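Encoded as structure tokens, the structure appears first; notes follow it.
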Amino acid sequence: MPIINISDFILIILSLIFIYSLFSIFNKNKKINFIIMLLLLLSLILVSSYLFLLSTNILILNLFHIFRFSLFFISFFSFLFILILILSFEKETQYFYTLLSLVIIGVLLIPIANSLITIFLALELISISTSFLILSKNEYKLESAVKLFLLSAISISIFAFAIVLIFPYNAQLTLTNIINNNIISSNYFIELALILFIVALGFESALFPFNFWVPDVYQASESNITALISGINKSVAFVAIILVLFIVFISYKQLFSTILSVLAILTMFFGNLIALVQKNIKRLLAYSSISQAGYILIGIATLTQYGLQASIFQIFAHAFMIIGAFSIIFWLQKQHNLNTISDYKGLSSRNNFAAISLTILMLSMAGIPPLLGFYGKFLLFSSAINANMLLLALIGILNSFISIYYYGKVITAMYRKTRAKIISFDKQALIVASVCVFIIISLGIYPQPLIHITQIISSTIL
Amino acid sequence: MLILNQLISQFLSNILDICILIPAIAIIFIALLKEKHSRQISILSTGLVLAISLFLLIYFYKIGNVNITNSILFIKSLNINFNLGLNPISFVLFLMANIILFATALAGNVHRAEQKLSSFLIILFQISGIGLFLSLNLFIFFIFWDIGVISLFFMINILGSPNRRTASMKFLIYEIFASSLLLFGILIIYFYTPIHSFNIQKIITNSNLIPANIQLVIFVLLLIAFAINLPVFPFHSWLPDAHTEAPTQGSMLLSGILTKFGGFGIILLFEMLPIFKLYSNYIAIAAIVSIFYSVFVLMKQDDIKRVIAYSTITEMGIVLFGISELNNFGLFGSIYAMLSHGLIIALMFLIAGSIELIYGTRSIKVLKGIVKNARLSAYCFLIGTFAIVGMPLTTAFIADLLIFIGAIQSFGLYGIIPLFAILLLGAFMYFIINKSFLSTKKYSKNIDFIRIEQKFVYFILLFFIFLFGIFPFIILKLLNPI
């Protein structure tokens, strides 16, 4: 009998989630569904953080590479999924759990992927199940679900095409071997493939020219699904970008650095400038989340370990900020039908907790110290200056300044004095929002642990 | 004896941490406890730190110099330390900040409205103000700067008067623009000094190794950031609006402490990049323009708070003028001017707040015969006016004396030009006093109901104004130890 390694447990738990997704279709008891998912995710967190401490570095079947980078992201994403689960507890149909478990598998496969096929499959799993998740509640979401479905189908085919373009050179799909770095110095097809990869993943992570689906989808879907899309799907797309670019295309780094810095500048300006005129709070956050993607790109574009560290830090910060914000919006929209900024007038006198947490989350997004978002931006801009990209840093800082206007607008609206009826608490949103706010404040006051961890994991990539 | 000295030095090295820890603990208590306790906690917190700073004043006066530093490792991975320290310059501002913070906590909230929020924001600003003047590290300097801006933004935005929204947004946009420039400048300094460090002392010793064009970039970025905060003429327009709409405690902190961040920053900037002392003439010209502009605009104002707000721009212009003289007289004079201006302006805004409370208006045309109803406030305002203009026995006199001696040393007789602006300021302030405070022709019969602790705060502020005015050597001995 072969000995089971601890690192195999990650794959075993993933398969368990797969098997569970079959049963969850027939299981109508939401509590049992919730508890099973929670236990599986918690065990994943435990196993991966244990392996992280052991600094594991194992290849499984050449398809999966389990190392500190992937272990960090597995526990991080599992934690985010627990937040999403809590948020949607008893508010969704049973199919929610089936679809969500498929998304979980897709998301968790990407950090451990060592092959382009794995990434391809995972992306497909994520995007198809996400489109159905948008649809699952009622028919009004049809348009945005179809939009997302079509666009992700196209982006995945682009991804497949890109794989086709580079496959013939070595006839291998393992990330490290797909391009033989010695032979090819500048090859037209490989450069084309690189651009196609960026396009395909740019759809998922909502970079500038490929992000027109974002506001519609964010606005149309329920806010817990929006939190999933903006918090997790976007972060995992960035993980895929990091893996593909830094492992496969490392010999083309000058080219992708140029492309990514241009995309970063366009994405930041696009997100921030359009967010200035938004009236709907979900659209505003959608555009702000687009601009956050631009900031994250800055770090990747610098090509340094410090920049990568900054990007990972910002991915972490952004996920908690956006999930916290959408959890509050979910509560306010679903139960009290607050949609636009003018609906948010006087929120502080109606429910102080909601106003204070939204304020803290938005200040963190705007990069005000001592909150987590500030350190993300600080690391990103300093990495750009460190790599002698002064212009990129300047534009980033300028954008960060622009963003204060629309966050300030929402905050100002929330603290107007009005007489309206008090908003009752919602337990799930309360838990999720307080977890996010707690993380943002505590890691904001003492960021050393997170900076240390991101430093370690960025050194495993570069 | 040696052991005793060691104990004292041990205590002194931790005292700076304690100064930041006290408000940090207080803010948690305010957030957790009920509203009725929050005012006491804020008074306790500011009072304790004031007591510590007065103790330090006596201690430093005895030993004759100011020099304590303390450093804790903050972010190990990036090699950022939590450097705190006091030198003569920062100690004077630290002392001033503590006096004003105590005064604000005790009397600032004249309406006694939203005690919990108000106390919370005062203590948040206390962390910022104390931390900023104590910081020896540009990174934590920036963090404390932004905390101060945000706490005052909320103070205007939530507690201010009806038109507060646009004013607070304007304040936020100006100040965040300044802090963005500041952040950019700090990052450039960090990466272009050969030893990558945020420590101000290390930057000062290594700044000549930064390439010249980069030095120019840094200088321009930081100068604009500090000029917005100070404020100097083209960047000043946030200040009058913010002051008019801010609650009394907000105005006191805003004018008393926040504007000093910029002054302190410019002094640091000249220490860090001494090359740019060549261009100090241009800064002096900008300061003179700002002084005259604000005085002329001030004459058209009808709102007492707006008048005081514009006088802030005048005074801060004089501070900038003093710094640009680049001699000891100018430097000490401008630090003294910041001390004096902080104390006086806090007093003036507190009085303006109480007059608004009593009469329900701040318009100079409407207010008549304050001296009949609110005698104490009227006389304190009178003394404050004299103090702004620089009457002997008050701190402003010492400040102006030092600054203009320095000006004549540096610029010759041209240095006297800003003095005319002060004369104009004095003339107009006297006009206001005559028209609304002292005139007894037609006066309304409002009753003076300001609280006893508010009167006590008048006394505290006046006490320090006269203490440092009559015995300037207390401060000057620290600034210039012989």
Side-chain angles (χ1 to χ4, degrees), chain A residues 306 309-310 345 348-349 352 355-356 359-360 363 366-371 374-375 377-388 390 393-409 411-417 444-456, chain B residues 24 31 73-78 80 82 114 116-117 120 127-128 131 139-140 142-147 149-151 153-154 156-160 162 164-192 196 198 214 217 221:
Chain A
Y306 187 41
Q309 175 193 355
K345 274 179 194 162
S348 79
S349 46
N352 212 356
I356 290 174
T359 307
I360 291 171
L363 288 179
I368 304 290
L371 297 169
F374 163 71
Y375 288 95
K377 284 188 178 169
F378 169 77
L379 289 173
L380 285 168
F381 302 149
S382 55
S383 72
I385 293 175
N386 189 23
N388 263 328
L390 277 185
L394 181 64
I395 289 174
I397 288 178
L398 191 69
N399 269 288
S400 178
F401 159 66
I402 294 173
S403 72
I404 195 71
Y405 177 74
Y406 54 84
Y407 295 126
K409 211 164 62 174
I411 292 170
T412 310
M414 287 195 297
Y415 290 96
R416 289 176 86 128
K417 292 180 182 86
I445 290 171
Y446 190 64
Q448 161 63 19
L450 186 58
I451 292 176
H452 184 61
I453 289 175
T454 50
Q455 200 166 34
I456 291 171
Chain B
L73 208 53
F74 178 42
I75 304 177
K76 199 175 151 199
S77 313
L78 303 178
I80 295 173
F82 206 81
E114 303 222 30
K116 188 168 180 174
L117 185 69
F120 184 88
I127 295 177
S128 151
F139 185 76
I140 58 172
F142 175 78
I143 288 182
F144 286 127
W145 175 294
D146 259 24
I147 295 175
V149 168
I150 287 299
S151 60
F153 164 70
F154 282 113
I156 302 169
N157 195 338
I158 305 177
L159 300 171
R164 63 190 183 268
R165 263 165 238 111
T166 34
S168 63
M169 281 306 282
K170 203 170 176 183
F171 168 75
L172 185 70
I173 289 170
Y174 267 91
E175 286 291 338
I176 294 292
F177 184 65
S179 76
S180 309
L181 295 183
L182 182 63
L183 177 63
F184 194 44
I186 288 173
L187 288 177
I188 296 179
I189 292 177
Y190 178 78
F191 284 105
Y192 283 87
H196 297 309
F198 286 113
I214 297 291
V217 172
L221 284 172

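The sequence lines fix the lettering, A, B, ..., with proteins before strands; numbering per chain opens at 1. Quick caveat, the model's predicted, so the values are computed rather than measured.
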Segment of S400(A) engaging chain B (4.5 angstrom heavy-atom cut-off): neither
Between [options], the one whose heavy-atom pairs under 4.5 Å with chain B are most numerous:
{"options": "I402(A), I385(A), L398(A), I411(A)", "value": "I385(A)"}
{"options": "R416(A), Q455(A), H452(A), K417(A)", "value": "R416(A)"}
{"options": "N388(A), L379(A), N386(A)", "value": "N386(A)"}
{"options": "P449(A), S348(A), G408(A), S382(A)", "value": "S382(A)"}

Go through the side-chain N and O atoms of Y415(A) and T359(A) and say whether any donor and acceptor fall under 3.5 Å apart. yes
For the pair F82(B) and F144(B), name the ring-plane relationship: parallel under 30°, tilted 30 to 60°, perpendicular over 60°. perpendicular
Which word best sums up how the rings of F74(B) and F139(B) line up, parallel for under 30°, tilted for 30 to 60°, or perpendicular for over 60°? tilted
Of all the residues in residues 168-175 of chain B, which have a heavy atom that comes within less than 4.5 Å of a heavy atom in chain A? M169(B), L172(B), I173(B)
Checking L221(B) against I188(B) for the side-chain contact (heavy atoms from CB on, under 4.5 Å) test, could you report, in this order, the C-alpha distance in whole Å, the side-chain angles of both residues, the deciding distance, and whether it holds? CA-CA 10 Å; L221(B) 284 172; I188(B) 296 179; 4.0 Å; yes
Using a 4.5 angstrom heavy-atom cutoff, name the option from Y190(B), F177(B), F154(B), Y192(B) with the most pairs to chain A. F177(B)
Quick one, Y446(A) with Y375(A), criterion ring pair (Phe, Tyr, Trp, His ring centres under 6.0 Å). Give me CA distance, side-chain angles, the key distance, then yes/no. CA-CA 10 Å; Y446(A) 190 64; Y375(A) 288 95; 9.9 Å; no
